[in-house]
Amino acid sequence: MAEVIRMPLLSDTMTEGVIAEWHKKVGDQVKADDVIAEVETDKATMEVMGYVEGTLLYIGVEKGKAAKVNEIIAIVGKPGEDYKPFLEGNSGATAAAPAQQAAAPAPQAAPAAVPAADDAALKEALKNATVIRMPLLSDTMTEGKIVAWNKKVGDTVKSDDVLAEVETDKATMEVIGYADGTLLYVGVNEGEAAKVNGIMAIVGKAGTNVDAILAAENAAPAKAAPAEAAAPAATTGTPAAAPAATAGSDGRVKASPLARKLAADKGIDINQVVGSGDNGRIVKKDVDSFVPAATPAPAAAKAGAAPAAPAFVPAGQEGYTDTPLTQMRKVIAKRLSESKFSAPHFYLKIDVNMDKAMEARKAINEMSPVKISFNDMVIKACALALRQHPDVNSSWMGDFIRHNQHVHIGSAVAIEDGLIVPVIRFADQKSLSQIAGEAKGLYDKAKNKKLQPQDFSGNTFTVSNLGMLGIDEFTAIINPPDSAILAVGGIKETAIVEKGQVKIANIMKLTMSCDHRSVDGAVGARFLATLKTYLENPVTMLV
């Protein structure tokens, strides 16, 4: 069945998006992870993925034109598939559509995806109802978890009502349906996740045949599953005593490999376990719940025999707790694994004497309207150093290296669900107090899950600081699409030799992880030398 791609909600204030660029044309093959278009919102220009596979059958909005959120911008399906039922009643059909449609193969080239009767019911249902799909709320999002529904089935819904709150990999955001009518169907329960573009809800005229829409959604060709032989009927009688494990015709006890391993690890005789699986087969839960039968008391020790040590009895049982992954943790795992195993990391370390920086910070804070932290000073120093070493302020793009002309510093923040990187834009042009004020605001929003996509995207370099947690030094994984990340350790009193004399200095250790595809060792070393100069002589940051 053809899949509709709608204008996603890319920020909480977005009502429409302008198609900045189409990366596919009608007739092209589309993969689930292909970027089909770039959309300019009120906050930024972001990539849109269709998350479906097939042939691009229809483009509803020309490049440079705008589409309302949830309006159809494209349709993907089988070559020749009839997609017109989706367009009936859709406000997004533009005058340019016929020219786009002409390039698609003739509809009769392929059989109808659903029977004619169901097709008629689908057309009628789509006239009277709007399908609300899980929007793309961040550029890395693949699914969203429903935190709360603000409406229930049967409620009247207005186009600007907030239907639900959705937790993405980055933040919790509100989803607006942009449709008037009655909430006819809710497809995802609170606490459950839906894939991007999956049906969240259906809003429309009371009495609309929702089943026709849902049946069409599930009408994609199902993979034929191999037929399985029916299991013999279980016996109905209950024996007076639990039998031992059932053996097969060859005398071998029937048990799953996992059950056997678990029994061996726990020291349980598999022959004593009663199986609850097919034909008495022992499975994991049987071993987990197995309680050994009481054994008779040992015979009295023989005269003259040495007394045996008392048997060890554990105070508790083996156990564990499985914690479901949050959307944020899933994406952290995916993106950092991709970075670590695709980007060839190398590491550069340098010690920085922070004596003058500590004196300067104390003096600055006596006058600054906001408190300046050492991390703020590191961000400012990095921004100025990047301006002098643009090769570090770059991104590996596969076929080319992108040298960014702006300096946007990401500052990693640990929150309850994982790690997020708010971005301080144009950090090289801002004063220390401006950086400190903006950073504090972003950190507060991150901890309260109020960050918006424009707050955590667009970084060109990242700073990760664990010094305040007592870590002397560490290495960090590069935060895509950056070419480097700076790991900042704590400031520690250290004995150093200066002009032949031993003295105590406040030393901070910095480690920079570099992507060797875009940053060479000498380039990274020169950047760190400049950064060290700024931090050891903070007055130079004011020049």
Report the distance from atom OG1 of Thr462 to atom NE2 of His408, rounding to the nearest 0.5 Å. 12.5 Å
Has Trp396 got a side-chain atom pairing as donor or acceptor with Pro480's backbone, closer than 3.5 angstrom? no
Looking at Glu192, I'd like to know if its CD atom is crowded, meaning that more than 12 non-hydrogen atoms belonging to other residues, nucleotides or ligands lie closer than 6.0 Å. yes
Apply the test side chain to side chain contact (heavy atoms under 4.5 Å, CB included) to residues Met358 and Ile491: give CA-CA distance (whole Å), side-chain angles for both, the deciding distance (0.1 Å), then the verdict. CA-CA 10 Å; Met358 294 174 73; Ile491 299 173; 4.3 Å; yes
Of all pairs that satisfy ring-ring contact (aromatic ring centres under 6.0 Å, His included), the ones with a partner from residues 330-362, not counting sequence neighbours: Phe346-His516
Mark yes when over 12 heavy atoms from residues, nucleotides or ligands other than Lys266 sit less than 6.0 Å from its NZ; otherwise mark no. yes
Partner of Ile379 under side chain to side chain contact (heavy atoms under 4.5 Å, CB included), picked from Ile409, Leu432, Asn465, is Ile409
Taking the side chain from Thr494 and the backbone from Ile507, do they hold a donor-acceptor pair closer than 3.5 Å? no
Rounded to the nearest 0.5 Å, the OH atom of Tyr83 sits from the CD atom of Glu3 at a distance of 16.0 Å
Sorted by chain and number, sequence neighbours left out, side chain to side chain donor-acceptor pair (under 3.5 Å) with His389 holds for Thr530
Any carboxylate oxygen within less than 4.0 angstrom of a Lys/Arg side-chain nitrogen, looking at Glu53 and Lys31? no
Is there a side-chain contact between Ile36 and Ile5, using heavy atoms and a 4.5 Å cut-off? yes
Between atom CG of Leu535 and atom NZ of Lys356, what is the distance when rounded to the nearest 0.5 Å? 12.5 Å
Do Leu57 and Val76 pass the side chain to side chain contact (heavy atoms under 4.5 Å, CB included) test, and can you show the C-alpha distance, the side-chain angles, and the key distance before you say yes or no? CA-CA 5 Å; Leu57 304 176; Val76 174; over 6 Å; no
Would you say Asn448's side chain and Asp444's backbone share a donor-acceptor pair under 3.5 angstrom? yes
When rounded to the nearest 0.5 Å, the distance separating CZ of Phe527 from CG of Leu348 is 10.5 Å
Does a side-chain heavy-atom distance below 4.5 Å link Leu451 with Pro422? yes
Between Asn197 (side chain) and Val4 (backbone), is there a donor-acceptor pair under 3.5 Å? yes
Atom pair CE (Met397) and CZ (Arg517), whose distance is rounded to the nearest 0.5 Å: 11.0 Å
Indicate yes or no: does Glu38 engage Lys63 in a salt bridge with an N to O separation below 4.0 Å. no
Do Asn365 and Ser368 have side-chain atoms, one donor and one acceptor, less than 3.5 Å apart? no
Taking C-beta and beyond as the side chain, do Ile485 and Phe461 meet within less than 4.5 Å on heavy atoms? no
Looking only at side-chain N and O atoms, does Gln388 offer a donor or acceptor that is under 3.5 Å from a partner on Tyr534? yes
For Asn506 and Asn353, which I'm curious about, is there any donor-acceptor pair between the side chains at under 3.5 Å? no
Have Thr460 and Asn404 got a donor and an acceptor in their side chains that come within less than 3.5 Å? no
Please tell me if the side chains of Met512 and Leu528 come closer than 4.5 Å, counting only heavy atoms from C-beta onward. yes
Report the distance from atom OG of Ser433 to atom NZ of Lys371, rounding to the nearest 0.5 Å. 15.5 Å
Validation row: Asn479, Ile477 side chains within 4.5 angstrom (heavy atoms): no
Within the 4.5 Å heavy-atom criterion, are Leu56 and Lys25 side-chain neighbours or not? no
With heavy-atom distances below 4.5 Å as the criterion, would you say the side chains of Thr533 and Glu536 are in contact? no
Donor on one side chain, acceptor on other, Ser483 and Ser394, under 3.5 Å: yes
Checking Glu190 side chain against Trp149 main chain: does a donor-acceptor pair fall under 3.5 Å? yes
Which pairs would a plain distance check flag for residues 467-475, meaning a side-chain donor or acceptor within less than 3.5 Å of a matching protein atom at least two apart in sequence or in another chain?
unit_1: Asp472; atom_1: OD2; unit_2: Lys492; atom_2: NZ; d: 3.4
unit_1: Glu473; atom_1: OE1; unit_2: Lys349; atom_2: NZ; d: 3.4

Give a yes or no on whether Arg402 atom CZ has more than 12 heavy-atom contacts from other residues, nucleotides or ligands under 6.0 Å away. no
What one should report as the nearest heavy-atom pair of Cys514 and Ile478 is C-CD1, 3.4 Å
Could you point out which residue of Asn70, Val39, Val48 forms a side chain to side chain contact (heavy atoms under 4.5 Å, CB included) with Met7? Val39
Backbone of Arg335 reached by a side-chain donor or acceptor of Ser339 within 3.5 Å: no
Compare all side-chain heavy atoms of Lys503 with those of Ile496 and state whether any distance is below 4.5 angstrom. yes
